[in-house]
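This report concerns only the one structure given below.
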Amino acid sequence: MHVIKALAHIKPNWTFAGVSAAVVWGLDHPWRLHCDGLVWIATSGSVDLAGDSHLRRIFVASLKAYTVQGVKVTSVARTLVDCALRYSFDEVLPMFDAALRKCCVNEESVLEACDTVRADVGPVLKLLHYADAASENGGESLCRAVIIEQGFAIPQLQRVFVDPANPRNEYRADFTWRFADGRMVVLEFDGNEKYVNPAMTRMRSTEQVVYEERLRESALRRAGVTDLIRTNYREVLGKAALAHKLLAAGIPFADSRSRLLES
């Protein structure tokens, strides 16, 4: 944002696009998308930038800019389309989830944006199919993207469980699979900030956070959860460790004969 705002001050006519616009709109995405140090802008003219190693242009035939945080950017819908055409499914699903969660885009507007590009929009349609506003953050979206890409059945997001020992206590599980035989598997994605970020720990000690997590697990089991597994960012990036845990828990592949219940 510092780089983008500085450039916007120097070049007030620039309209930022792609992942640069995603930053301004506040759409979740992995930090690794910025490792190349590139800044993306939209243009209705030539995209040739010979000699400029850190600036890239995206052609937009009918360029309409929106001012956000004092910076001109492409629409959320066009931003999503441009990112979907340049990055992988797991990198962009967090953006789509965030846009739906913030209610700043809908399927129709994204499809309209698809009509303005000359490219195979298959990646956009796939992302629209799997995007879900119920995903609470980028880490959970990334985890779900890996689950999908590994071919596993899609879980229910943010299912609410009521503790039968104390009905006033409700708990939401990140991912839940229900089986016809009565089994219920919950997968929890644990980010490191959960234990160290004061905004998330509410000034509680790590020991207290861990203790409360154990109480939460006990309540989930009383509410019918038969298997509870945990994963983290490192396992999600590695993919194999997460896949092994899902297989061990009996999570079926999406193309297998379904043994799951819808809700």
Side-chain angles (χ1 to χ4, degrees), residues 1-47 49 52 54-142 144-145:
M1 277 302 298
H2 285 300
V3 172
I4 291 170
K5 285 188 174 182
L7 289 171
H9 179 74
I10 298 169
K11 300 287 187 178
N13 292 327
W14 278 7
T15 298
F16 293 84
V19 71
S20 297
V23 172
V24 180
W25 283 113
L27 304 180
D28 295 331
H29 59 278
W31 278 103
R32 64 178 179 266
L33 297 190
H34 301 289
C35 290
D36 54 15
L38 297 178
V39 173
W40 295 80
I41 62 173
T43 179
S44 56
S46 173
V47 297
L49 281 171
D52 196 324
H54 289 93
L55 191 64
R56 296 290 184 274
R57 290 183 177 177
I58 296 174
F59 177 75
V60 181
S62 300
L63 182 55
K64 181 179 180 181
Y66 297 77
T67 301
V68 180
Q69 302 189 59
V71 178
K72 291 181 178 179
V73 291
T74 53
S75 69
V76 175
R78 179 60 198 244
T79 299
L80 292 174
V81 170
D82 288 332
C83 289
L85 297 178
R86 287 166 176 81
Y87 304 108
S88 65
F89 176 78
D90 63 288
E91 291 169 329
V92 185
L93 185 62
M95 298 185 194
F96 274 70
D97 286 349
L100 292 178
R101 184 171 64 247
K102 296 181 178 184
C103 300
C104 55
V105 76
N106 55 40
E107 182 176 342
E108 182 180 357
S109 62
V110 175
L111 292 176
E112 289 176 354
C114 286
D115 292 336
T116 66
V117 300
R118 297 178 180 177
D120 177 8
V121 295
V124 182
L125 301 181
K126 179 180 178 180
L127 284 156
L128 277 177
H129 176 72
Y130 288 109
D132 195 326
S135 182
E136 289 195 330
N137 54 63
E140 290 181 12
S141 296
L142 175 62
R144 192 171 90 263

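Here the closest non-hydrogen pair linking Arg78 and Ser75 is N-OG, 3.1 Å. Nearest approach of Ala77 to Ser109, heavy atoms of both residues: CB-O, 3.5 Å. Shortest non-hydrogen contact noted between Ser44 and Ala61 is CB-O, 4.0 Å. Between Lys72 and Ala65 the shortest heavy-atom distance is CB-CB, 4.1 Å. Smallest separation of non-hydrogen atoms from Pro94 and Ser141: CA-CB, 3.5 Å.
Residue pairs meeting the ring pair (Phe, Tyr, Trp, His ring centres under 6.0 Å) criterion with at least one partner in residues 89-134, sequence neighbours excluded, are Phe89-Tyr130.
Panel note: side chain Trp25, backbone Thr74; a donor-acceptor pair is recorded below 3.5 Å. Between the side chain of Glu107 and the main chain of Leu128, no donor-acceptor pair closer than 3.5 Å is present.
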Test salt bridge (charged side-chain N to carboxylate O under 4.0 Å, His left out) applied to Asp132 and Arg144, step by step:
CA-CA 10 Å; Asp132 195 326; Arg144 192 171 90 263; 5.3 Å; no

Under the side chain to side chain contact (heavy atoms under 4.5 Å, CB included) criterion, do Val110 and Val76 qualify, and how do the steps go?
CA-CA 8 Å; Val110 175; Val76 175; over 6 Å; no

Between Leu93 and Leu142, is the side chain to side chain contact (heavy atoms under 4.5 Å, CB included) condition met? List the steps.
CA-CA 7 Å; Leu93 185 62; Leu142 175 62; over 6 Å; no

Does the side-chain hydrogen bond (donor to acceptor under 3.5 Å, both in side chains) test come out yes or no for Thr79 and Asp82, once each step is laid out?
CA-CA 5 Å; Thr79 299; Asp82 288 332; 5.9 Å; no

Run Val124 and Leu80 through side chain to side chain contact (heavy atoms under 4.5 Å, CB included) and show every step you take.
CA-CA 8 Å; Val124 182; Leu80 292 174; over 6 Å; no

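The NE2 atom of His54 lies 8.5 Å from the CZ atom of Arg56; values are rounded to the nearest 0.5 Å. One distance of note links CH2 of Trp14 with OG of Ser20; it measures 10.0 Å at 0.5 Å rounding.
In Lys64, the NZ atom is not crowded: 12 or fewer heavy atoms of neighbouring residues, nucleotides or ligands sit closer than 6.0 Å. In the displayed structure, Arg32 atom CZ is contacted under 6.0 Å by more than 12 heavy atoms of other residues, nucleotides or ligands.
Side-chain contact between Leu33 and Met95 is present, with at least one heavy-atom pair separated by less than 4.5 Å. In this structure the side chain of Phe16 reaches within 4.5 angstrom of the side chain of Leu7, judged on heavy atoms. Here the side chains of Lys5 and Val24 are not in contact, with every heavy-atom distance at 4.5 Å or above. Arg86 places a side-chain heavy atom less than 4.5 Å from the side chain of Ile58. Side-chain atoms of Leu27 and Asp97, non-hydrogen and from C-beta on, never get closer than 4.5 Å to each other. Counting only heavy atoms from C-beta outward, the side chains of Val23 and Met1 approach each other to under 4.5 Å.
Scored by the salt bridge (Lys or Arg N to Asp or Glu O under 4.0 Å) test, Asp28 finds Arg101 as partners (sequence neighbours excluded).
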